[in-house]
Amino acid sequence: MRRLTLRGRLTLLYGGLFMVAGVVLLGVTYALFTANLGQKYQVIVKGTYLSPSAGPNRPLPTNDVYVMNKDGALLTGSDAERVMNEQREQVRQAAIKSLLTQGSVALVLVGGLAAGFGWLVAGRVLAPLHRVTDTARRIALTPSALHERIALKGPDDEVKNLADAFDTMVERLDHSFDGQRRFVANASHELRTPLTLGRALVEVAMHRRTASADVKELGESLLTINTRHEQLIEGLLILADSEKQLTAVYPVNLADVVTHVTAQLTTEAAAVGVELIRGPGEAPTRGDALLLERLVHNLVENGIRHNLPSGEGERWVRVISRTADDCVEIVVTNTGPEIPPYEVESLFKPFYRLGAERLVSTKGAGLGLSIVRSVTEAHAGTVTAVPREGGGLQVTVTLPLDLA
């Protein structure tokens with residue numbers, strides 16, 4: 001059962017307190033009113049009495065009580081007292097009934113108005129809290145939105161203090177993550193130089209006329225290790241770039257990206273016996289073309305490298321781009337080993353590899369899907385992965401549709 005919102009609870013509290021106060025006020029009024037009506041009054045009729053039988057006027061004593069009934073007869077003594085008591089009780093009952101009936105109707109109407117007014121006031125008071133919640137939700141869903149601030153304007157009260165404290169926290173987090181990205185990018189750039197120098201030295205030693213077979217074999221091994229390190233550094237640079245806020249976006253048709261990437265990787269797929277199936281459909285979006293190309297490249301490359309071992313069955317990778325409602329999708333499906341559903345989310349962690357967490361291997365540096373998620377989030381999209389029945393993985397990237 002859905003819990004009542006804070007605005008609803010405040011409205012109920014405000015309206016309930018008003019109704020309780022109204023009931024108490026109505027009760028006090030009723031008590032005072034009945035006490036006042038309970039007092040006994042004596043009516044003395046002075047003057048002369050005109051008989052309805054057209055008789056002569058007769059003077060009336062001034063020290064007695066006289067009552068004329070509906071027939072015009074003059075009553076005195078106990079009869080007059082009885083008639084007056086009956087009339088007084090009728091007036092009392094009519095007054096009480098009128099007070100309770102009309103007072104209750106007025107109380108309900110005014111209570112409803114008070115509850116509605118309380119609803120409006122509660123909504124106005126809670127509006128800044130909704131801004132805090134919406135900003136926190138956007139930042140949680142899109143890490144690149146850490147630059148956003150609430151910047152609440154208004155009186156210096158508890159709500160503004162909360163919003164200011166939240167802005168301060170987000171600003172510190174933004175600076176921390178930005179510093180981390182800059183460190184990764186700078187460190188990666190600095191590591192490129194010694195790796196490039198090391199590659200050059202190894203190649204020079206290997207191509208000497210006096211180089212022996214052992215030296216050439218050792219050089220090949222060193223170049224392979226150097227290549228793995230270069231892949232790791234390139235992945236870190238792309239990861240750092242993809243986590244930055246996109247400053248310029250342009251129209252990109254993912255169908256063209258799929259065609260380009262599959263053409264690049266067809267040779268690699270054929271070399272390992274993997275059939276590359278492409279189904280480019282129109283999928284216009286907006287973003288950074290280089291990052292989107294890297295996204296598709298990583299997905300296809302990941303499907304090729306993490307496929308079934310040679311000779312263990314049919315091996316293929318299928319890439320599809322399409323438009324679905326108000327978004328575009330890239331769907332990459334491949335054959336491969338069985339993947340437990342609880343392991344799927346971990347595949348998007350940096351350096352995580354199914355079955356073992358290693359920095360680098362012959363299949364890559366373990367940054368492919370991490371880069372895919374980072375690029376997707378930078379383009380305000382989502383990425384999901386589900387195990388394919390029979391083995392392998394299906395990864396779906398959803399991005400906003402370009403309606404221009």
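Just so you know, these numbers use all the heavy atoms, side chains as well, and skip hydrogens, waters and symmetry mates. Note that this is a predicted model, so its numbers are computed, not measured.
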Inset, instruction - Would you give the length of the straight line joining atom CG of Leu292 to atom CZ of Arg286, rounded to the nearest 0.5 angstrom? - result: 12.0 Å
Legend entry - Expected output: side-chain Ser374 to main-chain Ser370 donor-acceptor under 3.5 Å: no
Inset, instruction - For residues Ser321 and Val258, report the shortest heavy-atom separation together with the two atoms involved. - result: CB-CG2, 4.0 Å
Inset, instruction - Please confirm whether the backbone N or O of Ala283 pairs with a side-chain atom of Asn253, one donor and one acceptor, at under 3.5 Å? - result: yes
Inset, instruction - Identify the heavy atoms of Pro387 and Pro341 that sit nearest to each other, and give their distance. - result: CG-CA, 3.9 Å
Legend entry - Residue pair Leu222 / Leu218, side-chain heavy-atom distance below 4.5 Å: yes
Inset, instruction - Using modelled atom types only, decide if a donor and an acceptor are shared between the side chain of Thr323 and the backbone of Glu282 within a distance under 3.5 Å. - result: yes
Inset, instruction - Report yes or no: does Arg315 contribute a side-chain atom to a donor-acceptor pair with the main-chain N or O of Val272 at less than 3.5 Å? - result: yes
Legend entry - For the student: nearest non-hydrogen atoms of Met206 and Val215, plus distance: CG-O, 4.4 Å
Legend entry - Point-to-point distance, once rounded to the nearest 0.5 Å, from CG of Leu295 to CD1 of Ile330: 7.5 Å
Inset, instruction - Verify, without hydrogens or angle tests, whether Asn334 (side chain) and Trp316 (backbone) share a donor-acceptor contact under 3.5 angstrom. - result: no
Inset, instruction - Over all heavy atoms of both residues, which pair between Pro400 and Val328 is shortest? Give the atoms and the distance, please. - result: O-CG2, 4.0 Å
Legend entry - Leu393 vs Arg388 side-chain heavy atoms within contact, under 4.5 Å: no
Inset, instruction - Could you give me the CA-CA distance, side-chain angles and deciding distance for Val386 and Val395, then say whether side chain to side chain contact (heavy atoms under 4.5 Å, CB included) is met? - result: CA-CA 7 Å; Val386 293; Val395 183; over 6 Å; no
Inset, instruction - Say whether, by atom type as modelled, one donor and one acceptor occur between the side chain of His379 and the main chain of Asp288 under 3.5 angstrom. - result: yes
Legend entry - Contact check, side chains of Val344 and Ile339, non-hydrogen atoms, under 4.5 Å: yes
Legend entry - Heavy-atom closest pair, residues Glu338 and Gly390: OE2-C, 3.5 Å
Legend entry - Residues Arg199, Glu203: salt bridge by 4.0 Å N-O rule: yes
Legend entry - Any side-chain heavy-atom pair of Val397 and Leu299 under 4.5 Å: yes
Inset, instruction - Verify, without hydrogens or angle tests, whether Thr335 (side chain) and Gly392 (backbone) share a donor-acceptor contact under 3.5 angstrom. - result: no
Legend entry - Gap separating the CZ atom of Arg172 from the OG1 atom of Thr168, nearest 0.5 angstrom: 6.5 Å
Legend entry - Test: Asp134 and Arg131 ion pair at under 4.0 Å: no
Legend entry - Flag side-chain contact, heavy atom, 4.5 Å: Leu276 against Val300: yes
Legend entry - Minimal non-hydrogen separation, Ile304 against Val274, with atom names: O-CG2, 4.3 Å
Inset, instruction - Please round to the nearest 0.5 Å and tell me the distance separating atom CD of Gln394 and atom CD of Glu389. - result: 12.0 Å
Legend entry - Atom pair CG (Asp167) and CZ (Arg149), whose distance is rounded to the nearest 0.5 Å: 6.5 Å
Legend entry - Crowding at CD, Gln264 (>12 non-hydrogen neighbours, <6.0 Å): yes
Inset, instruction - With Leu399 as reference, evaluate Val375, Val383, Leu254 under the side chain to side chain contact (heavy atoms under 4.5 Å, CB included) test and give the passing residue. - result: Leu254
Inset, instruction - Evaluate the side chain to side chain contact (heavy atoms under 4.5 Å, CB included) criterion for residues Ile371 and Arg294: first the C-alpha distance (whole Å), next the side-chain angles of each, then the deciding distance (0.1 Å), finally the verdict. - result: CA-CA 8 Å; Ile371 293 174; Arg294 172 56 62 177; 4.0 Å; yes
Inset, instruction - Answer yes or no: is there a donor N or O on one side and an acceptor on the other, between the side chain of Arg208 and the main chain of Ala211, under 3.5 Å? - result: no
Inset, instruction - Could you tell me whether the side chain of Asn302 and the main chain of Asn298 form a donor-acceptor pair under 3.5 Å? - result: no
Legend entry - Residues Arg305, Glu268: salt bridge by 4.0 Å N-O rule: yes
Inset, instruction - Hey, could you give me the NE2/CG distance between His297 and Leu265, rounded to the nearest 0.5 Å? - result: 4.0 Å
Legend entry - Side-chain donor or acceptor of Thr285 paired with backbone N/O of Leu401 under 3.5 Å: no
